[in-house]
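Below is one structure, written out as structure tokens, with a few remarks after it.
All ligand and atom numbering here is 1-based and tracks the order in the structure. Just so it is clear, the model here is predicted, and its values are computed rather than measured.
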Amino acid sequence: MAKMKAAVFVEPGRITLDEKPIPSPGPGEALVRVTTTTICGTDVHILKAEYPVAKGLTVGHEPVGVIEALGAGVTGFEEGQRIIAGAITPCGQCASCFQGHHSQCGGRPMGGWQLGNSVDGSQAEYVVIPNAQANLALVPEGLSDEQVLMCPDIMTTGFAGAERGKIRIGDTVAVFAQGPIGLCATAGARLLGATRIIAVDTVAERLAISKRMGADEVIDFRRTDPVAEIMRITEGRGVDVAIEALGLQETFQSCLRVLKPGGTLSSLGVYSDDLGVPLDAFAAGLGDREIVTTLCPGGAERMRRMMGVVASGRVDMEPLVTHRFKLDDIEAAYDLFASQRDGVLKVAITP
Ligand SMILES: [Zn+2]
Ligand SMILES: [Zn+2]
């Protein structure tokens, strides 16, 4: 049986390159030869055993590749076509999907997240895409792998944070944390018509890229109290929409404190601890505020739209790819990405 290289979760603290048989696609599935993939913050949670997956699972959920083989029943695609699939690969047929909650496919929290979670993922030479018909999205002519590499996860997630915040033309928006997802939320806020975007982080490189992605003002929260500064900038009004893109009590709370009455807190962070809601910032429950949470929208149509945004030139995602590694050097890539050294935002991994 032909073998392939794959990055597998071995035990807490260890993701290593291993050999596995090249899988064959079952009915409704597609086998994709991965040409480029990347590492997500969630993979680092897996590495540190903060998010549990089965030992021996191939990790990764951001595939760019070429269709190698199609399982029975997959129509409208051909071998050799360049595709991406979202990090979330919903079935498109269950009650949750029909209600538009694709990420919660099957009625389970995060049920749409299969790649590198419940089935083998994309940090490998080959990956099987489940529910291929609902999830394969053809890469438009002329777009490079790196140009579409952010579409499967951070771009769709960050944009969704802005969309779920219901940003309107002329809104003032605060985005807490400018990691890859926060940067995409900033870009999404700009696309949706926010005219004052205030981004908060500490890393100088991230604050610089934040301005390129659409931030009007950036706050280094080590030097400046972001809540006081945002209230000063908004003349005490607060922001229309506050986006949380880190997953910490402190940033969640800061979002509430800068949010105007009637505003929306759009939360993208992955929290690993209980969250508290401070009474004063919550106006005792009478502030008409909305709190919404979002998990990475996937599916073929969403991916088509994300690639359409890239093709239109309205947003350039390439500055987010700061480092490049071969799949053979995946452990070094994890080491760099997990430590967030050297201004790393996203790493491109090529088998
Ligand atoms: Zn991810
Ligand atoms: Zn479903």
Side-chain angles (χ1 to χ4, degrees), residues 7 9 15 28-29 34 36-48 50-53 57-64 84-124 127 129-136 148-161 177 179-185 188 245-247 267-272 293-303 306 317 320-321 330 333-334 337-338 340 344-349:
F9 173 75
I15 286 175
E29 297 176 340
V34 178
T36 308
T37 187
T38 177
I39 300 174
C40 175
T42 308
D43 297 322
V44 175
H45 287 297
I46 290 173
L47 172 68
K48 293 178 178 168
E50 292 162 353
Y51 182 88
V53 298
L57 183 86
T58 303
V59 289
H61 49 258
E62 295 157 283
V64 182
I84 64 168
I88 300 294
T89 50
C91 74
Q93 304 183 43
C94 70
S96 297
C97 283
F98 276 123
Q99 290 171 80
H101 303 302
H102 304 102
S103 302
Q104 320 299 330
C105 177
R108 300 180 303 278
M110 305 179 283
W113 178 29
Q114 301 183 69
L115 294 177
N117 181 25
S118 56
V119 303
D120 279 336
S122 62
Q123 288 167 20
V127 61
I129 304 299
N131 310 312
Q133 202 77 48
N135 288 291
L136 294 177
V148 298
L149 182 59
M150 302 303 130
C151 297
D153 189 353
I154 65 161
M155 183 180 176
T156 180
T157 303
F159 280 18
I181 285 175
L183 287 168
C184 290
L246 195 59
S267 171
L268 292 170
V270 180
Y271 302 90
S272 31
T293 70
T294 307
L295 169 65
C296 181
E301 171 59 10
R302 178 73 176 177
M303 291 302 107
M306 292 301 108
M317 288 289 156
L320 301 192
V321 181
I330 189 85
Y334 266 95
F337 187 73
Q340 305 205 344
V344 65
L345 281 169
K346 288 289 271 187
V347 296
I349 309 282

Quick one, N131 with E29, criterion side chain to side chain donor-acceptor pair (under 3.5 Å). Give me CA distance, side-chain angles, the key distance, then yes/no. CA-CA 6 Å; N131 310 312; E29 297 176 340; over 6 Å; no
Between C91 atom SG and C94 atom SG, the angle centred on the Zn ion (ligand 2) rounds (to 10°) to 110°
Need one value: angle at the Zn ion (ligand 2), C97 atom SG versus C105 atom SG, rounded to 10 degrees. 110°
Let me confirm one number: the OH-CG distance from Y51 to N117, rounded to the nearest 0.5 Å. 3.5 Å
What do the steps show when you test S267 against T293 for side chain to side chain donor-acceptor pair (under 3.5 Å), and what is the final call? CA-CA 5 Å; S267 171; T293 70; over 6 Å; no
Angle, OD2 of D153 through the Zn ion (ligand 1) to NE2 of H61 - 10° precision: 100°
What closest approach, in Å, do A245 and G182 show between heavy atoms, and which atom pair accounts for it? CB-CA, 3.7 Å
Taking 2.8 Å as the cut-off, does an N/O/S atom of C40 lie below it from the Zn ion (ligand 1)? yes
